[in-house]
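Notes for the one structure printed next.
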Amino acid sequence: MTHNQSRDIAIIGGGIGGLTAALAFARQDANVTVYEQAPALTEVGAGLQITPNGARALNALGIDNDLNATGVTAQAVVPMDAVRSREITRFDLSTQNPPYRFYHRAALIDILARGCEAAGVKFKLGARISGLNPDGSFDIGDAVVRPDLTIGADGLHSVVRGVINKPTEPFFTGQVAWRAMIKTDKSDPVARIWMAPGRHMVTYPLSGGRLNIVAVQERSGWAAEGWNHADDPGNLRMAFADCGWEVKSILGEVETANLWGLFRHPVAEKWHSGSVAILGDAAHPTLPFLAQGANLAIEDAYTLARCCNADASLAAALQTYQDTRRARVIKAVEAANKNARNYHLSGVQRRIAHAGLKTMGKVAPAAFLNRLSWLYDHDVTR
Ligand SMILES: Cc1cc2nc3c(=O)[nH]c(=O)nc-3n(C[C@H](O)[C@H](O)[C@H](O)COP(=O)(O)OP(=O)(O)OC[C@H]3O[C@@H](n4cnc5c(N)ncnc54)[C@H](O)[C@@H]3O)c2cc1C
């Protein structure tokens, strides 16, 4: 069945979710146009972990050769005692199929954009959409665009979410995050989670000899929500000043850093209305503690195209899309919220947690991945 054939699909937002949706619909012969506010398809200079559940959907869209050539294949996740500079244990990731990989965001966007262009997707860049009409149409300059389906893939501050949902207030989690990148030729292909009381840092290598850093600290005051607020790297070093030599040596190399506040947003009640649907961060902004925001956006995008292709009625297809996705997404969002607390323990709780991890690594190393099998083994292409 190919109900998407010749449907006109407008996608607002050319991030990872929007481009995945564009490629998925274009592969089913829809006429797809992406409206992106930025003058070029770009991404912030940061890394992204694509776990097997996200990789399955991307591979099914026919970009697997480029993905295989670009990512760094993860061998393990390694919890670290950041204060003592000690490896607590190591959980194997090398058996994951498809592989768990680390990408530079810009590289992933580039792969998706090239796939979209080859599949006939049109792009309107520098096109900020400021609202939708009740029928899902929207204005671009003097023209009105009236697609069969308008998809809001417009991220954290989604305009489209607000059109189909009541406003909700995000709340500050009491945590701020820095992102930074340094040059390194020494890093092995593992994700390290450096845990300290009230703080943690995640590092992993990217192609081209770079190390991606995300560092999180508990704070009562907050920085703005968003990705691009520059901060003095000295503040980042200061926040981890009592940590061991390895953390200090990594942070000593940081030349530029960005800081922002971490907020929790409720998952949207409605993911569709009439001929409008939302996906990715527009529907469910997710804290970065499970590395799932982009993976979930990819799963959403694939599922949305698949549901629409399987049903002549868009209304029925969009309801199936929401029913298929919402419970899984809520579970992932809650799991990410919980990780934030687990990384930041102090005192006796910290000692017990580290001892538990160590024992698990020795006695039942598979238990780590077994606990995440609901997440990583999920296959939206089946
Ligand atoms: C520190 C950190 C680390 C992370 N690490 C990971 C990770 O390892 N793995 C993972 O899966 N996720 C990770 N995430 C989450 C992930 O980055 C996001 O969930 C993901 O980028 C969401 O994709 P999206 O396409 O929904 O939104 P976005 O990537 O935000 O894209 C939205 C796009 O819409 C455009 N846009 C917005 N408004 C408009 C408008 N009105 N008109 C036109 N265009 C518009 C924007 O310019 C943008 O291009 C991390 C997040 C953070 C903060």
Side-chain angles (χ1 to χ4, degrees), residues 10-22 33-55 57-58 71 74 77 100-106 108-109 112-113 123-132 138-140 150-163 173 175-181 191 201-204 206 212-216 225-228 257-263 265 278-301 329 332-333 336 375-376:
I11 299 178
I12 300 177
I16 286 154
L19 293 184
T20 307
T33 307
V34 174
Y35 297 84
E36 166 57 46
Q37 65 184 359
L41 289 178
T42 49
E43 254 293 352
V44 294
L48 201 55
Q49 305 182 55
I50 296 296
T51 50
N53 50 310
L58 292 177
V77 57
Y100 186 129
R101 290 211 173 100
F102 309 131
Y103 292 89
H104 194 288
R105 283 170 179 266
L108 189 55
I109 286 285
L112 284 165
F123 288 96
K124 303 276 184 213
L125 301 177
R128 180 174 164 73
I129 310 304
S130 50
L132 297 186
F138 55 90
D139 302 337
I140 272 278
T150 302
I151 299 172
D154 49 344
L156 188 62
H157 303 293
S158 172
V159 167
V160 183
R161 173 178 171 142
V163 171
T173 59
Q175 293 164 334
V176 297
W178 289 268
R179 66 178 168 83
M181 206 176 277
M201 179 170 101
V202 175
T203 57
Y204 55 86
L206 301 174
N212 190 68
I213 303 168
V214 175
V216 174
E225 192 182 24
W227 271 78
N228 289 316
N258 290 70
L259 173 73
W260 71 103
L262 296 177
F263 288 69
H265 299 248
I278 50 176
L279 60 77
D281 277 9
H284 47 78
T286 308
L287 291 178
F289 305 132
L290 197 62
Q292 283 301 309
N295 286 290
L296 294 173
I298 291 165
E299 287 187 4
D300 289 349
V329 162
V333 168
L375 192 59
Y376 295 167

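If you read the sequence from its start, that first residue is 1, and numbering goes on from there. Indexing begins at 1, ligand by ligand and atom by atom, following the structure's order.
Taking any N or O of Ala291, backbone or side chain, at least one lies under 3.5 Å from an N or O belonging to ligand 1. Checked against a 3.5 angstrom limit, the closest N/O atoms of Val159 and ligand 1 fall outside it. The N/O atoms of Gly17, backbone and side chain alike, include one that comes under 3.5 Å of an N/O atom in ligand 1. Between Trp260 and ligand 1, no pair of N/O atoms sits closer than 3.5 Å. Considering both main-chain and side-chain atoms, Gly293 comes within under 3.5 Å of ligand 1 through a nitrogen or oxygen pair.
Residues Gln292 and Asn53 bring a donor and an acceptor atom of their side chains to less than 3.5 Å of each other. With no hydrogens or angles considered, a side-chain donor-acceptor pair links His284 and Asp300 at under 3.5 Å. Tyr204 and Asn212 share a side-chain donor-acceptor pair at under 3.5 Å.
Within the 4.0 Å heavy-atom criterion, neither part of Thr286 lies near ligand 1. In Ala127, the part holding a heavy atom less than 4.0 Å from any atom of ligand 1 is the backbone. Heavy atoms from both the backbone and the side chain of Ala294 come within less than 4.0 Å of ligand 1. Contacts between His157 and ligand 1 below 4.0 angstrom, taking non-hydrogen atoms only, are absent altogether. With a 4.0 Å heavy-atom cut-off, ligand 1 is reached by no atom of Ser158.
The distance from ligand 1 to the heavy atoms of Ile12 drops below 4.0 Å at these ligand atoms: 42 (N), 43 (C). Interface atoms of ligand 1 facing Gly155, defined by a heavy-atom separation under 4.0 Å, are 27 (O), 30 (O), 32 (C). Each of the following atoms of ligand 1 lies closer than 4.0 Å to a heavy atom of Ile16: 25 (O). Residue Gly280 has at least one heavy-atom neighbour below 4.0 Å for each of these atoms of ligand 1: 26 (O). Short contacts between ligand 1 and Tyr35, defined as distances under 4.0 Å to a heavy atom of the residue, involve ligand atoms 43 (C), 44 (N). Of all atoms in ligand 1, numbered sequentially from 1 with element shown, those under 4.0 Å from a heavy atom of Ala153 are 32 (C), 33 (C), 34 (O). Residue contact check: Gly15 has heavy atoms under 4.0 Å from atoms 25 (O), 31 (O), 33 (C), 49 (O) of ligand 1.
Here the straight-line distance linking atom CG of Asn295 with atom CG of Leu375 works out to 7.5 Å at 0.5 Å rounding.
When all heavy atoms of Val34 and Ala22 are compared, the pair lying nearest together is CG2-CB, 3.7 Å. Closest approach of Met181 to Leu206, counting heavy atoms only: CE-CD1, 3.5 Å. Taking all atoms of both residues into account, the shortest heavy-atom contact from Leu58 to Thr20 is CD2-OG1, 4.0 Å. Closest non-hydrogen pair, Ala21 versus Leu279, comes out as CB-CD2, 3.9 Å. Scanning all heavy atoms of the two residues, the minimum distance from Leu262 to Phe289 falls at CD1-CZ, 3.5 Å.
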- request: Could you walk me through whether Tyr35 and Phe138 pass the ring pair (Phe, Tyr, Trp, His ring centres under 6.0 Å) test, one step at a time?
  value: CA-CA 11 Å; Tyr35 297 84; Phe138 55 90; 5.0 Å; yes
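In this structure, Arg179 falls outside the shell of residues with a heavy atom less than 4.0 angstrom from ligand 1.
Under the side-chain hydrogen bond (donor to acceptor under 3.5 Å, both in side chains) criterion, Tyr100 pairs with Gln49, sequence neighbours left out.
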